[in-house]
Amino acid sequence: PIYPEDSYETFADPRLGGTVSLFIDYRHSSDAYLAARLEFGFSMQGGSFSYEYINDLTYELGVNYDYLTVAPLLKLNVPPDWPYLLAGVQFGINLSGQNLTYTSNDDPSVNLQVQQSLRDVLKGRSNTGLVAGLGFEITRSGLYIEGRYTLGLTDVIETQPNGFLFIEAPNKISYWQVTVGMPIAF
C-alpha cells in the first residue's frame, strides 16, 4: 500500500431506502400450493464509504442509485394458511447512474471538481440479484407482511479508465427488505 494501514480508517455504511411495488400472484386453482408472482417496482439502493487519514484528511463517497425492478418469483404456501416462501430473481435498471456524491474537509470548490471527476469514471449499472423471502397473509384484514433478502450478483459500478488509480472491483448490492402490503382484488 501507498500509506501504512495504521495511518487511516475506512467505514462502509448502507443506505436506508424505500421500495414501492405492484405484483400479480397467479394460482392455477384456489387450493394450489404454488403460485407464480410477477413484481414491478421502484427501489432505492446504495451506501457510502468514509475515509479518515491521521493527517486530517477525511472524505465520504456516497452512491445512491434508484432502480426500476422486475422480479419473477415463485410463492410456495404449504399449507395455505401458514407463512409462505418466496424465491426467484430480480432485475434492476439503474435510473440514476450518475448519482454519486463526494464530500471532504477540503475546499468546497475542490470537492465539486473531485465529485464531477468521480462521476466521469464511476458509472452506475443495472443490478441482478437472487431473492429469498418469507411472508404471511393476514386474511381477516387483507394485509400481508413479508421479509426478504436479495443477494446481489452483478457489479453495479463500472470503473472507467482514470487517473485516480482505481481498478475494477466487485461492487454488489445485497439488502434486506421488509414489506407491509394490501392486496387489491380485480
Audit row: Asn111, Gln115, side-chain hydrogen bond (donor to acceptor under 3.5 Å, both in side chains) steps and yes/no: CA-CA 6 Å; Asn111 285 347; Gln115 177 174 279; over 6 Å; no
Under 6.0 Å between the ring centres of Phe42 and Tyr65?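 That pair fails the under 6.0 Å test.
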Start with the C-alpha gap between Glu52 and Thr58, add the side-chain angles, then the distance that decides, and say whether side-chain hydrogen bond (donor to acceptor under 3.5 Å, both in side chains) holds. CA-CA 4 Å; Glu52 293 180 9; Thr58 63; over 6 Å; no
Is any side-chain heavy atom of [Y] closer than 4.5 Å to one of [X]?
{"X": "Pro72", "Y": "Phe91", "result": "yes"}
{"X": "Ile173", "Y": "Tyr67", "result": "yes"}
{"X": "Leu86", "Y": "Arg37", "result": "yes"}
{"X": "Val63", "Y": "Asn99", "result": "no"}
{"X": "Asn94", "Y": "Val156", "result": "no"}

Does the side-chain hydrogen bond (donor to acceptor under 3.5 Å, both in side chains) test come out yes or no for Asn77 and Arg27, once each step is laid out? CA-CA 11 Å; Asn77 274 87; Arg27 279 192 170 91; 2.9 Å; yes
Are Glu146 and Lys75 ion-paired here, with the side-chain N under 4.0 Å from a carboxylate O?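 No.
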Just to verify, what does Tyr84 make a ring-ring contact (aromatic ring centres under 6.0 Å, His included) with, not counting sequence neighbours?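 Counting only residues at least two positions away or on another chain, Tyr84 forms no ring-ring contact (aromatic ring centres under 6.0 Å, His included).
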Other residues, nucleotides and ligands only: do more than 12 of their heavy atoms fall within 6.0 Å of CD1 on Ile93?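 No.
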Could you walk me through whether Tyr59 and Tyr102 pass ring-ring contact (aromatic ring centres under 6.0 Å, His included), step by step? CA-CA 7 Å; Tyr59 69 82; Tyr102 174 86; 5.6 Å; yes
Side chain to side chain donor-acceptor pair (under 3.5 Å): which pairs involve residues 172-181, sequence neighbours left out?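 Side chain to side chain donor-acceptor pair (under 3.5 Å) check on residues 172-181 returns Gln45-Tyr175, Gln90-Tyr175, Gln177-Thr179.
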